[in-house]
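Following: one structure in structure tokens, then a few remarks.
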Amino acid sequence: MNIQAFTRAISDSGGGMKEVQSLFACQREAAERDRARFGLQERLDSLTRLKNAIKRREGDIIRALDADFRKPEPEVRLTELFPVYQEISHARRNLKSWSKPHSVRGSLGMFGTTAQVRYQPRGVCLIIAPWNYPVNLTFGPLVSALAAGNTVMLKPSELTPATSAVIRQIVEETFPANRVAVCEGDASVSQALLDLPFDHIFFTGSPQVGKIVMAAAAKHLTSVTLELGGKSPTIVDSTADIDDAARKIVWGKFSNNGQTCIAPDHIYVARDQAKPLVDALRREIRGVYGETERDQKCGADYGRIVNSRHFDRLSALLDDATSRGALVLEGGVRDPDQKYLSPTLIGGTDPEMAISREEIFGPILPVIEYDDISRVIDTINTGPKPLALYIFSKHAPAWESIIERTSSGGVCINQNVVQYLHPNLPFGGVNNSGIGSAHGFHGFKAFSHERAVLRDRFSVLRLLFPPYTPAVKRLIDITVRILG
Ligand SMILES: NC(=O)c1ccc[n+]([C@@H]2O[C@H](COP(=O)([O-])OP(=O)(O)OC[C@H]3O[C@@H](n4cnc5c(N)ncnc54)[C@H](O)[C@@H]3O)[C@@H](O)[C@H]2O)c1
């Protein structure tokens, strides 16, 4: 059986442990044997081949994402393809300088030595991807892993099967399976993979599964990058440009049907701005997605919830909130057959409601009024650290104070979601929202081992070695006092 047929057998067999182990062994062998061959030119070529293969399959990707959750084509182009192409172009432009060993200066005590940091491939890496941006979040990390010279096993999400199938075709026609291989399937495939002693695991998904991944990695002391989720708050203060904030928030929240890890989860708005903001959000929703319920439902620019389980989960969050006194301010229209939930604003939520505690991950946006920003900051600080924090304000001291007094993976001022697209910013969470970061040089580093290489040329450290004669002891004392 050739290696491609072999991977297909693994995927088709639901990831039987033995087959997964054999594939891992092939990749391990390639990683060790070909370590030197995955040099700069080979890595650049791999990235070019990947980009060309994705470009050739753009039509298939667009059709697959339409089949999986009716993702609008312009959103596919902007949020699935563009970030991957940008990641590839950025890596190709910079890989030579990223991967060059760089010399580091020493201290006086290191006099007579030279030192370098060298980036080496980690080896065999596992990438586990979620369903919400299945192309972007599978190929984005793959770009970094290839740039760093690794072999890679990819596990796309089972919830977007049409897209996973295209991902597999792209990989199979571009790479031998001992360089990059795809293992399709559900959590059982992930678990079989997680039993193996990978050199690095890059996981994107929920904090709950992130904990399972980290526990499995601990068995082999495998390093991890965890790109997780959570509730990303948005603050709109009394100086904010309300129309501008509403325009950006409606885009950030309702693109991809709210199923975006860095979408604004809920809004805190200064009480005097609450009514103008809700009016502006409502105007914006209707302007973008349609004036009437019918227009909104028929519109081509609005996707669907990925499956019935998630539709029911969101419905239950909405029902729980309204049964405890929250008010639907806009939308709330549902059609379970189409897994359709219209763009929805709610007010009057309280911290006890499930919608205030769980990551919403859908098109429901609670708007919460505040009088005292310190109370908002306390609330943010009592919850798990978010992946993103958004601040709409014209007052620099106000946003600086919020940034100073809170923690989150990233921050946007007078914008949302866009931090993801910046090629030189680290993208990642903190604690519950993630460990480590992705994108550009940060992604390259995640998939590299930073190896310390020191060369002794004429250091005098040997003067401090035992036996500890009185003269050596005096020298050690002087060293500690003067150089310490
Ligand atoms: N930080 C980021 O970059 C980012 C990006 C997208 C999504 N997310 C987060 O991902 C979540 C939504 O995605 P999801 O529903 O696909 O996440 P998920 O955690 O349910 O699944 C992610 C992947 O893990 C696998 N998996 C599921 N259960 C598993 C188990 N028990 N053991 C091993 N593997 C298992 C799935 O098959 C899938 O491939 C949200 O929390 C969202 O915020 C984070």
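Here the structure is a predicted model, which means the values were calculated and not measured. Indexing begins at 1, ligand by ligand and atom by atom, following the structure's order. Reckoned from all heavy atoms, side chains included, excluding hydrogens, waters and symmetry mates. Numbering starts at 1 and runs along the sequence shown.
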If you measure from atom 29 (C) of ligand 1 to every heavy atom of Ser232, Ser206, Ala187, Gly409, which option wins on shortest distance?
-> Ala187

Considering only heavy atoms, does Leu159 approach ligand 1 within less than 4.0 Å through its side chain, its backbone, both, or neither?
-> neither

Subset of ligand 1 atoms that lie under 4.0 Å from at least one heavy atom of Glu227 = 1 (N), 2 (C), 3 (O), 4 (C), 44 (C)

Looking only at heavy atoms, is any part of Gln208 under 4.0 Å from ligand 1, and if so is it the side chain, the backbone, or both, or is it neither?
-> neither

Determine whether the side chains of Tyr133 and Thr260 contain a donor N or O and an acceptor N or O closer than 3.5 Å.
-> yes

Do the charged groups of Glu352 and Arg324 touch, with an N to O distance under 4.0 Å?
-> no

What atoms in ligand 1 come closer than 4.0 Å to a heavy atom of Ile128?
-> 23 (C), 24 (O), 39 (O)

Option of least heavy-atom distance to atom 8 (N) of ligand 1 (set: Cys261, Ala438, Ala215) | Cys261

Is there a protein heavy atom at a distance of less than 4.0 Å from atom 43 (O) of ligand 1?
-> yes

protein heavy-atom neighbour closest to atom 31 (N) of ligand 1 works out as Gln191 NE2, 3.2 Å

Ranking Phe203, Trp131, Phe361, Tyr133 by closest non-hydrogen atom to atom 24 (O) of ligand 1, top hit is Phe203

Give the C-alpha distance, both sets of side-chain angles, the deciding distance and a yes or no for side chain to side chain donor-acceptor pair (under 3.5 Å) between Lys253 and Thr234.
-> CA-CA 11 Å; Lys253 177 71 183 187; Thr234 295; over 6 Å; no

Any idea which atoms of ligand 1 are less than 4.0 Å away from a heavy-atom of Ser190?
-> 25 (C), 33 (C), 34 (N), 35 (C)

Among all protein non-hydrogen atoms, which one is nearest to atom 13 (O) of ligand 1, and what is the separation to 0.1 Å?
-> Pro130 CB, 3.5 Å

Enumerated ligand 1 atoms positioned under 4.0 Å from heavy atoms of Thr204 = 2 (C), 3 (O), 4 (C), 5 (C), 6 (C), 22 (C), 44 (C)

Quick note, salt bridge (charged side-chain N to carboxylate O under 4.0 Å, His left out) partners involving residues 199-228, not counting sequence neighbours, are Arg28-Asp199

Applying side-chain contact (heavy atoms from CB on, under 4.5 Å) to Thr174 and not counting sequence neighbours gives Arg49, Ala53, Ile170

Are Thr160 and Asp68 linked by a side-chain donor-acceptor pair shorter than 3.5 Å?
-> no

Could you check atom 26 (N) of ligand 1 against the protein and tell me its nearest heavy-atom contact, residue, atom and distance included?
-> Val209 CG1, 3.8 Å

Passing option when Met153 is tested against Leu23, Val182, Val180, Ile127 for side-chain contact (heavy atoms from CB on, under 4.5 Å) | Leu23

Test: Arg179 cationic atom under 6.0 Å from Phe38 six-membered ring centre, within 45° of axis = yes

Going by atom types only, do Asn307 and Lys339 share a side-chain donor-acceptor pair under 3.5 Å?
-> no

Close-contact set for ligand 1 against Leu137 heavy atoms, below 4.0 Å = 5 (C), 6 (C)

For Asn132, take its heavy atoms, then give the atoms of ligand 1 lying under 4.0 Å from any of them.
-> 6 (C), 7 (C)

